[in-house]
4 protein chains.
Amino acid sequence: MHTVVQSSERAASEGRRRAARVAVAGATGYTGQELLRLLSRHSGVTIAAAMSSGAQPGSSAAPRRLPALAHIFSGTITPLDRDALARDTDLVFLALPDKAAAELAPALIEAGVRVIDLSGAFRLRDGAMRARWYPETHELPEGLAYGLTELERPAVAAARLVANPGCYPTATLLPLSPLVASGLLAPDTDIVVDAKSGVSGAGKVPSERTHFSEVHGSVSAYGVFGHRHGAEIEQGVGRAVNFVPHLMPLDRGILSTIYLRLAPGTTEDTLASVYEQSYGGQPFVRLTSSALPEIKHVAHTNFCDIGWRVDASGRAVVVSVIDNLLKGASGQAVQNMNVMLGLDQATGLL
Amino acid sequence: MHTVVQSSERAASEGRRRAARVAVAGATGYTGQELLRLLSRHSGVTIAAAMSSGAQPGSSAAPRRLPALAHIFSGTITPLDRDALARDTDLVFLALPDKAAAELAPALIEAGVRVIDLSGAFRLRDGAMRARWYPETHELPEGLAYGLTELERPAVAAARLVANPGCYPTATLLPLSPLVASGLLAPDTDIVVDAKSGVSGAGKVPSERTHFSEVHGSVSAYGVFGHRHGAEIEQGVGRAVNFVPHLMPLDRGILSTIYLRLAPGTTEDTLASVYEQSYGGQPFVRLTSSALPEIKHVAHTNFCDIGWRVDASGRAVVVSVIDNLLKGASGQAVQNMNVMLGLDQATGLL
Amino acid sequence: MHTVVQSSERAASEGRRRAARVAVAGATGYTGQELLRLLSRHSGVTIAAAMSSGAQPGSSAAPRRLPALAHIFSGTITPLDRDALARDTDLVFLALPDKAAAELAPALIEAGVRVIDLSGAFRLRDGAMRARWYPETHELPEGLAYGLTELERPAVAAARLVANPGCYPTATLLPLSPLVASGLLAPDTDIVVDAKSGVSGAGKVPSERTHFSEVHGSVSAYGVFGHRHGAEIEQGVGRAVNFVPHLMPLDRGILSTIYLRLAPGTTEDTLASVYEQSYGGQPFVRLTSSALPEIKHVAHTNFCDIGWRVDASGRAVVVSVIDNLLKGASGQAVQNMNVMLGLDQATGLL
Amino acid sequence: MHTVVQSSERAASEGRRRAARVAVAGATGYTGQELLRLLSRHSGVTIAAAMSSGAQPGSSAAPRRLPALAHIFSGTITPLDRDALARDTDLVFLALPDKAAAELAPALIEAGVRVIDLSGAFRLRDGAMRARWYPETHELPEGLAYGLTELERPAVAAARLVANPGCYPTATLLPLSPLVASGLLAPDTDIVVDAKSGVSGAGKVPSERTHFSEVHGSVSAYGVFGHRHGAEIEQGVGRAVNFVPHLMPLDRGILSTIYLRLAPGTTEDTLASVYEQSYGGQPFVRLTSSALPEIKHVAHTNFCDIGWRVDASGRAVVVSVIDNLLKGASGQAVQNMNVMLGLDQATGLL
């Protein structure tokens with residue numbers, strides 16, 4: 001841990017000397033493209049490499065493969081190259097499948113490169129849980145932090161490897177964790193999390209589930225009692241949560257509706273105080289109180305909006321929204337990078 | 001009640017002699033148009049009138065105002081005319097605002113015309129509740145039935161006035177009522193109903209909430225602790241329900257996700273038996289067991305699909321779907337008409 | 001041809017004796033499912049088989065694979081079996097890839113079974129064009145008709161094999177053919193067809209193009225100067241057409257906007273006469289005159305709506321809409337079947 | 001004109017001294033909100049006022065009325081106040097109805113405030129045309145420029161009043177103007193512009209046309225031979241254009257498909273040269289050549305992407321895309337502001 005802090009301090013001080021060299025491994029998926037877009041206009045870093053396992057030897061101009069990024073990112077997409085990453089970068093974003101990330105991350109941090117992993121490979125701390133949900137992985141390295149930025153800032157600042165949270169856990173833990181920590185929950189309450197997500201969360205690989213004609217005009221529940229993000233949420237709050245994700249006919253965004261019972265006498269104002277204490281001054285958490293948030297307010301932003309209602313009997317309904325590709329993935333990853341590099345956490349994100 | 005049964009029998013016997021003369025009051029809204037479409041191809045009735053409060057004196061060809069119905073319904077849309085309804089029809093569908101329906105229904109049944117009311121005016125039995133949620137109404141007439149067809153068939157058959165259920169209550173009570181009635185719920189369980197609806201449920205009058213740009217790419221919760229359909233659901237199951245509706249970016253369909261705890265030892269098979277007992281042989285309830293239903297399977301149909309999952313600790317997640325304009329409104333209204341007229345309940349609906 | 005007519009008359013007379021036995025080969029794709037839905041409630045036929053090349057030996061209950069069809073089609077999905085089709089059916093719908101259809105159709109008509117082919121294998125009459133656009137096909141059998149029902153009824157009635165038109169050609173030729181035939185076009189006019197289609201026209205196999213996140217919130221042109229449906233349209237009108245299809249973020253429906261110049265003095269009324277002469281009395285063509293049609297008016301129906309505007313200088317804009325899975329595929333196929341069997345062409349389609 | 005240039009130079013030199021004070025009149029509509037979002041993160045200006053004709057006397061916190069802008073714009077929304085605008089600002093954006101803009105603009109420029117008008121009031125130069133399409137307006141003031149930035153930069157730089165182009169004209173004139181100017185069009189060619197737009201272009205006021213249920217799953221043509229943007233396009237190219245807009249089921253974006261004939265021998269490469277000459281080095285025009293652009297590539301950006309195909313007979317299909325709220329309205333308005341203030345035209349827009 002000692003070394004890690006040093007490395008963090010060194011990075012931060014280097015950040016003042018010169019822009020950090022960052023790379024994206026897995027640059028052509030949805031989260032990879034968002035990373036390129038965000039990093040291209042970020043004032044504090046330079047993009048040292050944009051790699052894709054599917055890229056041809058040699059390299060190809062990014063705009064040809066990623067037309068949305070023309071005039072934004074003018075670099076090239078090169079094949080995945082571990083040595084080049086280890087040699088030429090200060091920090092690498094892994095936007096890769098779980099297994100590939102599990103293999104690549106330890107090698108990079110071994111080489112002194114800091115890593116932000118957007119896969120699920122390092123999110124679950126408990127070995128048995130990890131073995132259940134991410135069977136192709138592996139031990140956890142030292143210097144690992146869970147990158148829910150607002151709640152883990154010091155750990156992220158010092159980390160060699162950040163496990164960037166899942167989209168559903170981000171949307172759920174930001175509103176839920178302060179409540180659980182506050183001790184305001186009724187002792188025997190169930191916690192139900194009914195989450196609604198857009199399709200981009202399923203990634204770019206075509207499947208029947210992501211076929212337009214299967215999603216348009218429809219809504220469906222999936223993963224009942226068996227979604228890996230449920231395990232990540234339960235890890236975050238340290239208790240059982242009944243988490244059910246639903247697929248919605250939209251591209252970007254998650255709305256998480258949380259149902260629970262509070263201790264007698266708890267009011268909407270009580271919750272306002274709890275949230276204000278947790279998130280007052282945080283640039284990316286917006287508290288909307290009893291005016292419940294909607295996905296359109298946060299789409300294409302790094303915000304998480306949180307609203308809540310409490311009735312006289314202590315039943316609470318908490319609603320939160322994020323853009324799953326930004327605060328739920330690439331935006332929060334850049335936010336974590338800012339923290340790791342000692343920059344203002346909002347740099348390049350507003 | 002005696003008279004009512006006679007009237008019902010007379011109607012049924014007349015139904016064998018000649019096609020019943022039916023009318024739609026409020027023919028140009030979304031539910032009114034669906035009624036015209038269904039009734040036009042119904043083999044057992046003739047459309048005696050299609051009225052709209054906004055129609056010009058004289059009458060106008062329906063296809064000009066309702067281009068989707070050209071070559072389907074070739075009649076005219078005439079101004080609302082209580083006397084004509086009382087004089088020339090056997091049964092009237094009211095697809096009107098609550099207040100208009102509350103005024104018109106008693107006059108019609110007084111005149112011996114049977115009524116199926118698609119508004120909310122007569123859904124709540126308790127006077128205080130009705131005064132809270134439908135303040136511009138009114139006493140309940142005799143011969144009233146609640147038209148959740150599968151669970152109320154005998155009452156519907158005999159009724160002079162059928163209160164057609166709300167869309168959310170239909171989607172929720174069909175899966176929930178048999179469970180509550182079975183006695184399988186854990187005694188102290190909360191019941192959470194997280195419902196997701198398309199926009200057509202909000203009706204045809206333009207508003208900020210129904211503006212395409214406000215709904216597309218978004219999801220929002222509304223009516224927390226204060227939606228009239230919550231009261232209707234609680235009436236149906238006789239206990240508290242935490243009902244939260246959500247607006248989805250699609251046109252037609254409701255998916256209702258129900259969370260509750262079951263008595264120890266209850267399994268998915270137990271629920272299968274309960275549902276089979278309630279709905280086996282019913283043409284419009286389809287039990288999908290652990291394969292959860294999706295809105296696209298029921299859009300543009302009168303089906304209600306119900307699926308369920310139970311875990312080892314007794315937590316249950318029940319998912320149901322309907323088309324809000326059909327099983328949640330006009331389809332169920334025609335199903336009720338079939339029952340009232342002594343026809344096969346599926347006539348004109350498959 | 002003589003034999004064909006006899007066979008047609010025999011079929012028609014048999015149709016009066018008993019319901020024709022029909023089969024769907026390729027029952028699990030989008031058009032196959034629509035066929036099963038339509039045929040299940042059709043009063044004049046019985047479904048003798050529903051086959052799929054992907055079905056397991058033995059057979060599986062359809063509702064398990066096709067949950068939308070539960071309580072509608074209760075049969076089984078069996079593996080593709082040419083002999084069974086030849087032996088046990090009177091008429092077969094081919095909802096298969098072009099190559100499979102090109103192989104199967106001749107064998108079936110050889111065995112005396114009539115065929116309606118929804119693929120493109122037999123649509124182009126010219127051998128060179130067919131070789132260009134459908135290279136894996138093949139000679140044309142005798143007794144072939146092009147199944148644009150309204151314009152080819154006598155040929156369809158007598159046919160052994162009907163090439164069911166493509167969706168874009170259906171949407172385009174119904175409005176365009178009468179104009180060309182009328183001689184009202186300005187001699188040197190270009191014909192531009194800007195067509196907009198929903199995604200289901202691309203079929204059920206997932207691809208990047210049909211990925212929800214690629215289509216939602218987007219519009220794109222494709223196939224410029226090189227779409228096989230362009231060749232089919234040009235065949236239909238016998239002259240060059242600049243046809244450009246576009247992919248829209250909706251599931252079902254095509255809107256075709258046709259731009260051309262008319263001979264001096266031609267008015268909207270002139271066009272009304274032309275269309276009335278071609279389609280007056282036709283159940284599935286609705287003429288909307290200067291009130292231009294919209295996809296929502298025809299979605300989930302077999303209608304083709306046609307509207308038109310003409311300015312003082314003779315420029316015309318003609319707009320037509322269909323549901324690509326119904327009038328553009330399965331609905332028109334059933335309409336053709338009705339004609340082949342001597343039934344009212346609207347049977348089972350209104 | 002002399003004065004204007006002085007005023008422009010003074011503004012530019014002041015821009016170096018201090019950030020220009022800008023205001024948005026009409027801050028709560030869709031374009032007004034986009035302006036606030038863009039200006040809030042713009043490094044070269046300060047927002048002096050955000051006004052709305054519907055605002056209450058006194059003022060209200062913007063985030064309450066515009067929750068999407070919380071943590072972005074923390075100012076207040078105040079009632080429209082002409083004197084305050086004249087007194088306290090250097091430049092005002094008018095995002096108001098045509099009539100209100102026609103009245104306000106002259107008063108402001110009289111007071112020495114520069115104006116960028118997003119309404120249609122000052123777009124048409126010809127008095128008769130203006131009287132036809134914008135009857136409630138009015139004379140044109142001196143110092144007026146048409147704000148199609150890439151083609152009118154010098155005029156915009158010097159202008160007191162910029163008429164920001166319509167969304168359809170922007171999407172159409174950027175690809176079409178260089179072709180017309182190049183002299184490459186076949187002499188007698190028709191020009192057909194088939195434009196497809198999202199709903200936000202219709203503004204925020206709810207209507208039947210913008211009702212979600214009317215738009216979802218549908219496509220429709222409108223304004224044939226009679227859309228004011230057609231007049232603006234014809235003014236831009238100086239010849240007749242057959243412009244037909246279509247409404248698509250998406251929120252943001254326009255795709256314009258342009259059909260015309262080129263002089264014999266013109267190829268795709270010829271067009272590449274023409275476009276390169278017009279737009280090479282322009283930050284917001286991206287030339288995609290034969291890979292046709294799609295709306296998703298430009299949504300939420302200020303880009304206009306242009307692609308083209310030419311066949312051997314000289315038929316050309318040119319496709320362009322923009323985000324109607326950005327390059328088609330607020331983005332181009334800020335781009336114009338940058339030019340007027342002597343800033344890099346991309347400031348705050350990438």
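Each chain gets a letter, A, B and so on, in the order the sequences are listed, and its residues count up from 1.
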Counting backbone as well as side chains, what donor-acceptor pairs lie under 3.5 Å between chain D and chain A?
{"from": "D:A68", "atom 1": "O", "to": "A:R286", "atom 2": "NH1", "distance (Å)": "3.0"}
{"from": "D:A70", "atom 1": "O", "to": "A:R286", "atom 2": "NH1", "distance (Å)": "2.6"}
{"from": "D:H71", "atom 1": "ND1", "to": "A:P283", "atom 2": "O", "distance (Å)": "2.8"}
{"from": "D:H216", "atom 1": "NE2", "to": "A:H216", "atom 2": "NE2", "distance (Å)": "3.2"}
{"from": "D:P283", "atom 1": "O", "to": "A:H71", "atom 2": "ND1", "distance (Å)": "2.8"}
{"from": "D:R286", "atom 1": "NH1", "to": "A:A68", "atom 2": "O", "distance (Å)": "3.0"}
{"from": "D:R286", "atom 1": "NH1", "to": "A:A70", "atom 2": "O", "distance (Å)": "2.6"}
{"from": "D:H300", "atom 1": "NE2", "to": "A:H300", "atom 2": "NE2", "distance (Å)": "3.2"}

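When each of A:P283, A:P293, A:G217 is checked for heavy-atom pairs under 4.5 Å with chain D, A:P283 comes out on top.
A:A316 meets the side-chain contact (heavy atoms from CB on, under 4.5 Å) test with A:L260, A:L262, A:V310; sequence neighbours excluded.
In this structure, the portion of D:L69 lying under 4.5 Å from any heavy atom of chain A is its backbone and not its side chain. Using a 4.5 Å cut-off between heavy atoms, D:V285 touches chain A through its backbone atoms (N, CA, C, O) alone.
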